[in-house]
Amino acid sequence: MEEKYDFKAIEEKWRRHWAHSEIYRSDEEEGAQKKYVLVMFPYPSGPAHIGHVANYNLGDVLARYLKRKGVNVLHPMGWDGFGLPAENAAIREGIHPAKYTGENIALLRNSLERLGYAYDWGRELATCDPEYYRWTQWFFLKFLERDLAYKAQAWANWCPSCLTVLANEQVINGHCERCDTLVIQKALQQWFFRITEYAERLLADMEQLGGWPESVLTMQRNWIGRSEGCEVIFRLADSDKEMPIFTTRPDTLWGVTFFLLAPEHPLVDELTQGTPYESDVAAFHERMRGVSNIERTSMETEKDGVFLGAYVVNPVNGEKVPVWTANFVLMEYGTGAVMAVPAHDQRDFEFARKYGLPIRVVIQPRDGSLEPDEMTEAYVDAGTMVNSAGFDGEDGEAGRKQSVPDLLEEKGWGSRTINYRLRDWLISRQRYWGAPIPIIYCERCGMVPVPEEDLPVLLPEDVRFEFKGPSPLESSDDFRNTACPRCGGEAKRETDTMDTFVDSSWYYIRYASPRFDSAPFDDKAVAYWLPVDQYIGGIEHAILHLLYSRFFTKVLKDLELIDFDEPFANLLCQGMVVMGGAKMSKSKGNVIIPDQFIDSFGADTLRLFILFLGPPEADKEWSESGIEGAHRFLNRVWRLVGRYLDVLTFKTQPVPQDSHALRRIGHITHRTIKKVSEDIERFAFNTAIAAIMEFTNSLYKEIEECADAFNTYEGHEAIRNLILLLAPFAPFITEELWEELGGEFSVHQQHWPEYDTALVKSERIMLVAQINGKVRERIEVDAGISEEEMRRTVLESSRIKQLLEGKTVNKIIVVPGKLVNIVVR
RNA sequence: GCCCGCUUAGCUCAGCAGGUAGAGCACAUCCUCGGUAAGGAUGGGGUCAGCAGUUCGAUUCUGCUAGCGGGCUCCA
């Protein structure tokens, strides 16, 4: 074989060979155990960056390992093709988004191919392909049929830079998830998916997600924000107008001393119009106008409000309490109206103190009693009900859960309800590069869904991307003007496109039958492959993509299109590759492109090095200094195999003299097989590689000491297994070395090595002798030594004897196969 | 403010079930090679963040403290 490890030639050779041989193709095989390994598909933004490599390495090693274990593995790749950058490029550089996206896909695919990932490229898909988005539109129609899609006027998060609305989930700390611009509120007619309908199931089915990180489940649970409580109907004084509120603390109803409305609540203006309070309210609105929603409701912001001159009646005691509007009350949560109990709610407490409103204690702590004037903060803990008419003396918890809700329901003042923080999913986007919403507006027939057989509604070509109207699609007359499918008359198309998270909510199902064209997917293929057994991706999708996909899956199940509830059985969230602790991003100019490293060190080195940076879940600090180490390691493997082949060629002594060496070789081989297998199973790829490195070093030592030992069964096995174990991590070099060893193509189709339990155990062990827990001596003994022998061996050791002189032995503790501890006084 | 995680060699991390502190990289010394981003051998280096408890024995278990990181944060 070549003396030098020529990674360039090797990688090119095998890349070509693999492409022709289709060794990574996967088909349904009846009876075979299947695993669907999926890594979140990328948005094609150009060549791969280091983050892609870190991510796709994980799926690749796992997929290769499972295949070698005899599992039928699906490991596909595709493109999240729609999205803003392509459209911004169109505005900036005049390139059509389709062309821009196509070029970027080619660049990214090339990167991934260079890295040698074992994808079944025959299943490649792109969400911006009409054959794909046709079905995205089809799902929209199905959602519409089930009343899960609807159009409504709403205050929407508007990004002034992206010129589009954003879902709540896409607003991070008040800023646009994509471009970081401050998000403002705009009232618009928008399309929504009724995800709130599924809030309870999204919550309850988390029980099936034992294979997900607890942190992700917690985040989703918080996001859904289920709270149990009561709706209580307050009535406007001297009117029969009802003003329902939601509360989780019905036990404090007798402590209500005022009532609050959100600033945007329609009743605020209605109640004050033409009254002396009108100008105060106007001034308040003026104060709120310049303030973003986020700022207004931040905990640090001072409470602010105005009295509206109106009163409501508390149903439980008939008391009239004043109605105010306050900055911290949210229109979107509950009913936009709140009963205020300053004694037992911190926000109400601060508000009451500021405006001199009364505070009435209705829950007393069990030890001590509260005086409203002396309180410095609201008392929110458990206690006994007081000042609450017939409930005095009752435990607050019981009152909250049982007796007060019973009273409300009995008297018709309210009822038990569950409220969610989760909002419906706003899917309208006023952008071009997305799937058009398949709706037509006819003056005669109203809103008409595009008939299924007319799908896809194709994106038009004659669009002015810089168009400043509500959506670039408005600028295409061909697109905008159409005929009504119902009456044939003149009609206009909907010009909003769908949020790209809609596209990615079902791509994992499409992979099962990516070319199927009579339905979104082939039931048989889906029944075989789905759900995804192992999903891998970034923690940044903990809520967005993962929650939407779960929702989609549940709707599809209700549509009887699939028969599973949850799309992803197991989830691995990998950490980011960071630089100086900061996330890599194009804007910071610190993006690392793998291609340069592939050129200088090869794909195998890069894969190995990135996997070796640390455990998958941890953020990994990027440093180039170690990459040479990884490269050196592969060189060592290369030369070791060369040395071994020399042994076979030139040595004529097939029988080794040193049988100890043989046993050691067998032992380290099987110990490494065990370690690497177990590490891969638990995604500890970094330690698996370390174990292979140690194995290599040990083999060097052995071959140095006794080359003859390698011309044996054990020697052959050691070298073979080294290559077999390294193959999922470094696919190119191992394929080449496998060929050199005379192995049958392909190393990636060889069965994963099994270990022999007997050989994993070492024959000799180091017996540790302690006195009072401190190590005093180590003695090498046979592994099978009895407890009695251990005790005797230690007590007979001269060093121990010497140390025990003049001491009284109190107790001797023997840990079988490990140590003896002598307790002395 | 609340919740979670982390803290082991210069760096990145192992140490699963309490029982000799490890690996890779980096570093040092020696050797080899002297067609070039070479190789081999040996070695130094750690009060396992701090304090207390449980134990014959704690890096490992428990509690507290500190530092770092992440998530949530007027949701009624």
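Letters A, B, ... are given to chains in the order of the sequence lines, protein chains preceding strands, and every chain is numbered from 1.
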- [ ] Figure out the CD/C1' separation between A/Q346 and B/C74, and round it to whole Å.
- [x] 10 Å

Task: Under-4.0 Å salt bridge between A/E702 and A/R664 - done: yes

TODO: Please report the shortest heavy-atom distance between A/Y355 and A/G305, naming the atom on each side.
DONE: OH-N, 2.9 Å

Open item on the list: What's the gap between B/G53 and B/A58 when it is taken at their C1' atoms, as a whole Å value?
Closed with: 11 Å

Task: Integer-rounded Å distance: B/C74 P and A/R249 CZ - done: 19 Å

Open item on the list: To check you understand the geometry: which heavy-atom pair defines the closest contact between A/V268 and A/A262, and what is its length?
Closed with: CG2-O, 3.4 Å

Task: Sequence-aligned protein contact record of nucleotides 30-41 of chain B, with B where the base is within under 4.0 Å of a protein heavy atom and S where only the sugar-phosphate is - done: -------B-SS-

Task: Rounded distance in Å - CG (A/L217) to P (B/C4) - done: 16 Å

Open item on the list: Can a side-chain donor-acceptor contact be found between A/N327 and A/R287 if the only test is distance below 3.5 angstrom?
Closed with: no

Task: A/L699 side, atom CG; A/T669 side, atom OG1 - distance, nearest 0.5 Å - done: 6.0 Å

Can you name the atoms? Protein N/O to nucleotides 45-48 of chain B N/O, anything below 3.5 Å, with the distance.
none

TODO: Quickly work out the A/E228 CD to B/C75 P distance and round it to whole Å.
DONE: 17 Å

Open item on the list: Is it true that, when you exclude A/E200 itself, more than 12 heavy atoms of the residues, nucleotides or ligands shown sit nearer than 6.0 Å to its CD?
Closed with: yes

Open item on the list: Heavy-atom nearest nucleotide on RNA chain B for A/N222 versus A/A691: which residue maps closer to 5'?
Closed with: A/A691

Task: For A/T605, side chain to side chain donor-acceptor pair (under 3.5 Å) partners two or more places apart - done: A/H631

TODO: In whole angstrom, give me the gap between the P atoms of B/G18 and B/C61.
DONE: 8 Å

Open item on the list: Would you call the rings of A/W324 and A/F351 parallel, tilted or perpendicular, taking 30° and 60° as the class edges?
Closed with: perpendicular

TODO: Considering just the side-chain nitrogens and oxygens of A/R347, establish if one lies under 4.0 Å of OP1 or OP2 belonging to B/C75.
DONE: yes

- [ ] Quote, to the nearest angstrom, the P distance that separates B/G15 from B/G22.
- [x] 15 Å

Task: Whole angstrom value for the distance that separates C1' of B/C11 from CZ of A/F609 - done: 11 Å

Open item on the list: Just the rounded figure in Å: distance from C1' of B/G71 to CD of A/Q220.
Closed with: 14 Å

Open item on the list: Restricting to ring-ring contact (aromatic ring centres under 6.0 Å, His included), what partner residues turn up for A/Y198, sequence neighbours left out?
Closed with: A/F551

Task: Results of salt bridge (Lys or Arg N to Asp or Glu O under 4.0 Å) for A/R791 - residues two or more places apart only - done: A/E788

Open item on the list: Please give the distance between the C1' atoms of B/C25 and B/A14 as a whole number of Å.
Closed with: 14 Å

Report, one pair per line, the protein and nucleotides 55-57 of chain B atoms (nitrogen or oxygen only) whose separation is under 3.5 Å.
residue, atom, partner, partner atom, Å
B/C56, O2, A/N821, ND2, 2.2

- [ ] Taking atom C1' in both B/U8 and B/U59, compute the distance separating them and give it to the nearest angstrom.
- [x] 7 Å

Open item on the list: Can you tell me which nucleotide in B/C72, B/C74, B/A23 comes closest to the side chain of A/F328?
Closed with: B/C74

Open item on the list: Using every non-hydrogen atom in the two residues, find where A/I363 and A/H344 come nearest and quote the distance to one decimal.
Closed with: N-NE2, 3.1 Å

Task: Aromatic plane relationship, A/F601 with A/F597 - under 30° parallel, 30 to 60° tilted, over 60° perpendicular - done: parallel

- [ ] Could you work out the separation of B/C13 and B/A21 based on their C1' atoms and round it to a whole Å?
- [x] 14 Å

Task: A/N419: partners by side chain to side chain donor-acceptor pair (under 3.5 Å), with sequence neighbours left out - done: none

TODO: Indicate yes or no: does A/D6 engage A/K4 in a salt bridge with an N to O separation below 4.0 Å.
DONE: no

- [ ] Apply side chain to side chain donor-acceptor pair (under 3.5 Å) to A/K354 and list each qualifying residue two or more places apart in sequence or on a separate chain.
- [x] A/E302

Open item on the list: Whole angstroms only, please: what is the CZ-C1' distance between A/F246 and B/A76?
Closed with: 8 Å

Open item on the list: In whole Å, measure the gap between the C1' atoms of B/C11 and B/G46 for me.
Closed with: 14 Å

Open item on the list: If I pick the C1' atom on B/A49 and the same atom on B/C68, what distance separates them, to the nearest angstrom?
Closed with: 11 Å

Open item on the list: Checking A/R249 now: which residues fulfil side chain to side chain donor-acceptor pair (under 3.5 Å) with it, not counting sequence neighbours?
Closed with: A/D251

Task: Identified stems (criterion: three or more consecutive Watson-Crick or G-U pairs, under 3.5 Å), RNA chain B - done: B:1-7 with B:66-72, B:10-13 with B:22-25, B:27-31 with B:39-43, B:49-53 with B:61-65

List every contact pair, protein side and nucleotides 12-17 of chain B side both N or O, where the distance is under 3.5 Å.
residue, atom, partner, partner atom, Å
B/U12, O2', A/L613, O, 2.3
B/C13, O2', A/N686, ND2, 3.3

- [ ] Could you note down all residue pairs passing salt bridge (Lys or Arg N to Asp or Glu O under 4.0 Å) where residues 598-610 of chain A supplies at least one of them, sequence neighbours left out?
- [x] A/D60-A/R607, A/R114-A/D599

- [ ] Give the rounded distance in Å between these two atoms: CG of A/L634 and P of B/G24.
- [x] 15 Å

Open item on the list: Quick test of your reading of the model: are A/E694 and A/R671 salt-bridged, counting only N-O distances below 4.0 Å?
Closed with: no

